[in-house]
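Report on the following structure.
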Amino acid sequence: MYAVIDCNNFFVSCERLFRPDLEMKPVAVLSNNDGCIVSRSNEVKALGIPMGGPAFKYADILKEHKVTVFSSNFSLYADISHRVMSVISRYAPEMEMYSIDEAFIQIDNLNDQYLLEYGENIKAVILREVGIPVSIGVSSTKTRAKLANELAKTSDLGVAVIPQNSVITHAEKISVSDVWGIGRALTQILSEHGIVTVNQLIACDEVWVRKNLTLSGLKVVQELKGISCIPFEEFRTAKQSIISSKSFGIPVTTITQIKEAVASYTTRAAEKLRAEHECASHIGVSLTTNIHSKNTRQYYNSSTHRLLEPTNYTPELISEALKIVDKLFRTGYLYKKAVVSLVGLDSEKAVQQGLFRSNGLSRNSSTHTKQRSLMNVIDHVNCEYGSGTVAYLAEGISKQWKGRRERSSPRYTTRWEELAVATASR
DNA sequence: TCTGGGGTCCTAGGACCC
DNA sequence: TCTGGGGTCCTAGGACCC
């Protein structure tokens, strides 16, 4: 059996941890650039504010209902996530951390009654030791467990079990859009064929499903029937790609600013790459205007370059990324966003050296060693004294294109100078 | 003024090989 | 004259997830 443990309104719950005065009060957390609403307390959900809704559109209603709004504070969320995961891992020898706020575990040899108790126990301990409320769903496949989790969210216990080999109760009342793996597009296709509920989906002919919903859709249907198709992945598999992508705080028109931003995103991506001890064989850049803007000319373009040899050396990656910008950039547009992606990742150790460099000289191992030492030192300094302490000039100085982050809470748990302070009240 | 970011997997089509 | 088919690799795009 699988259990999926999912933190409730995770970012909001993290903020409340250090602001107990916000319990039972409406709270929302915004995405990068303070753009979208990405985490909502139950009170905010009740106001009808949707997940991912643009913040400016709901500014009035947020103000009217005195919603406390935070910019996202990922240092804090990552640290709290780590604490939650460490509690969960005590309950199961095998755990798959699926996302920042969610984990699968395998539990076997317990009958249904004990499964429920087991879940309640995990939930209580996480709440007591970390302070984060969770919901737990248990069933025989991951997709069924996720569905049980949906049911758990609205149950009093916060835990739900869909027993093995049993039909899903009330499946005729659950919408296909609540199923893990059925998104907007598939919901639309299904509804065009009169399929709106989970029991209708399960009853579908599998050949039809394969043809109309592709292989992923077929897996979903089989998983709902109790046939496991999505494997349990205890050990995190190596990343396939690393992406750094951000919207600009202001519309950007000049290639100079685009290049600064792209150099900066490349630097972030390369840091992640080295943290994974990997090298990339390709680098891609894309530029786009504001797709939401009605009255301005639109432009989108992207390109991927193969690197001479796989590398994680920032200066080389920046230089290649900037060449791509030269290729993509057109004057006369209001640019909104740039994306840098590193793909074709392989372990540092496995990387084969190219025989020739572009300048015709072979790159000897001492060049490699020097590059690696330099990156090591810079990564260390930036880790110790804060990101950007040592930066590349290509990233620019004033960085006018940077996004907004105006309502961030302190990094309570990861920066000495931002520790929470306890004060005695009279 | 203001509409997220970081991932994965799947499919289709073109180029190329034998 | 007969104008194939299987395979791989690459790229772009779309769908999904949180």
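Everything numeric here is computed off the predicted structure, so don't read it as measured data. Every chain is numbered from 1, with letters handed out A, B, ... down the list of sequences.
Distance CD1/A/Ile174 to OG1/A/Thr169: 7.0 Å, rounded to 0.5 Å.
At a threshold of 4.0 angstrom between heavy atoms, the contacts of A/Leu30 with the nucleic acid are absent. The residue A/Leu186 sits close only to the backbone: its heavy atoms come under 4.0 Å of sugar-phosphate atoms, none of a base. Heavy atoms of A/Phe10 sit nowhere under 4.0 angstrom from any nucleic acid atom. Within the nucleic acid shown, A/Ser244 comes within 4.0 Å of sugar-phosphate atoms alone, with no base atom in reach, counting heavy atoms only. Within the 4.0 angstrom heavy-atom criterion, only backbone atoms of the sugar-phosphate kind lie near A/Ile182; the bases stay farther away. Backbone-only engagement by A/Lys146 is indicated by non-hydrogen atom pairs under 4.0 Å involving sugar-phosphate atoms exclusively. Across all strands shown, A/Asp34 has no heavy atoms under 4.0 Å from either base or sugar-phosphate atoms. The residue A/Arg407 sits apart from the nucleic acid: no heavy atom pair falls under 4.0 Å. Within the 4.0 angstrom heavy-atom criterion, only backbone atoms of the sugar-phosphate kind lie near A/Val179; the bases stay farther away.
Legend: residues meeting side-chain hydrogen bond (donor to acceptor under 3.5 Å, both in side chains) with A/Arg405, ordered by chain and number and at least two apart, are A/Ser408. A/Tyr335 is linked by a ring-ring contact (aromatic ring centres under 6.0 Å, His included) to A/Phe329, counting only residues two or more places apart in sequence or in another chain. Judged as a salt bridge (Lys or Arg N to Asp or Glu O under 4.0 Å), and not counting sequence neighbours, the contacts of A/Arg16 are A/Glu43.
Here the P atom of nucleotide B/dC2 and the CG atom of A/Asn32 are 15 Å apart, to the nearest Å.
For the contact set between residues 47-57 of chain A and DNA chain B, defined by any heavy atom under 4.0 Å, the members are A/Pro54, A/Phe56.
Side-chain contact between A/Leu213 and A/Leu190: present, with at least one pair of heavy atoms (C-beta onward) separated by less than 4.5 Å. Between A/Lys323 and A/Lys327 there is no side-chain heavy-atom pair separated by less than 4.5 Å.
Outside the 6.0 Å centre-distance limit, the rings of A/Tyr98 and A/Phe232 are not counted as a close aromatic pair. Taking the centre of each ring, A/Phe104 and A/Trp180 come in below the 6.0 Å mark.
Between A/Trp401 and A/Phe248, the angle of the ring planes goes over 60°, which puts this pair in the perpendicular group of the 30/60° scheme.
Of the candidates B/dT11, C/dC18, B/dG7, C/dC18 carries the atom nearest the A/Ser99 side chain, counting heavy atoms from C-beta on.
No cation-pi contact links A/Arg144 to A/Tyr2, judged by a cut-off of 6.0 Å to the six-membered ring centre and 45° from its axis.
Checking the phosphate oxygens (OP1, OP2) of B/dG5, a side-chain nitrogen or oxygen of A/Ser247 falls inside 4.0 Å. The shortest distance between the side-chain N/O atoms of A/Lys239 and the OP1/OP2 oxygens of B/dT8 is not below 4.0 Å. The side chain of A/Ser31 places no N or O atom within less than 4.0 Å of a non-bridging phosphate oxygen (OP1 or OP2) of B/dG5.
The end-to-end axis angle of the helix from B/dG5-C/dC18 to B/dC18-C/dG5, rounded to 10 degrees and based on five pairs per end, is 10°.
A donor-acceptor distance shorter than 3.5 angstrom exists from the side chain of A/Ser347 to the backbone of A/Lys349, with no hydrogens or angles considered.
A salt bridge does not link A/Lys146 with A/Glu223: none of the charged nitrogens is closer than 4.0 Å to a carboxylate oxygen.
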Could I get a table of every N or O pair under 3.5 Å where one atom is in the protein and the other is in nucleotides 13-16 of chain B?
none

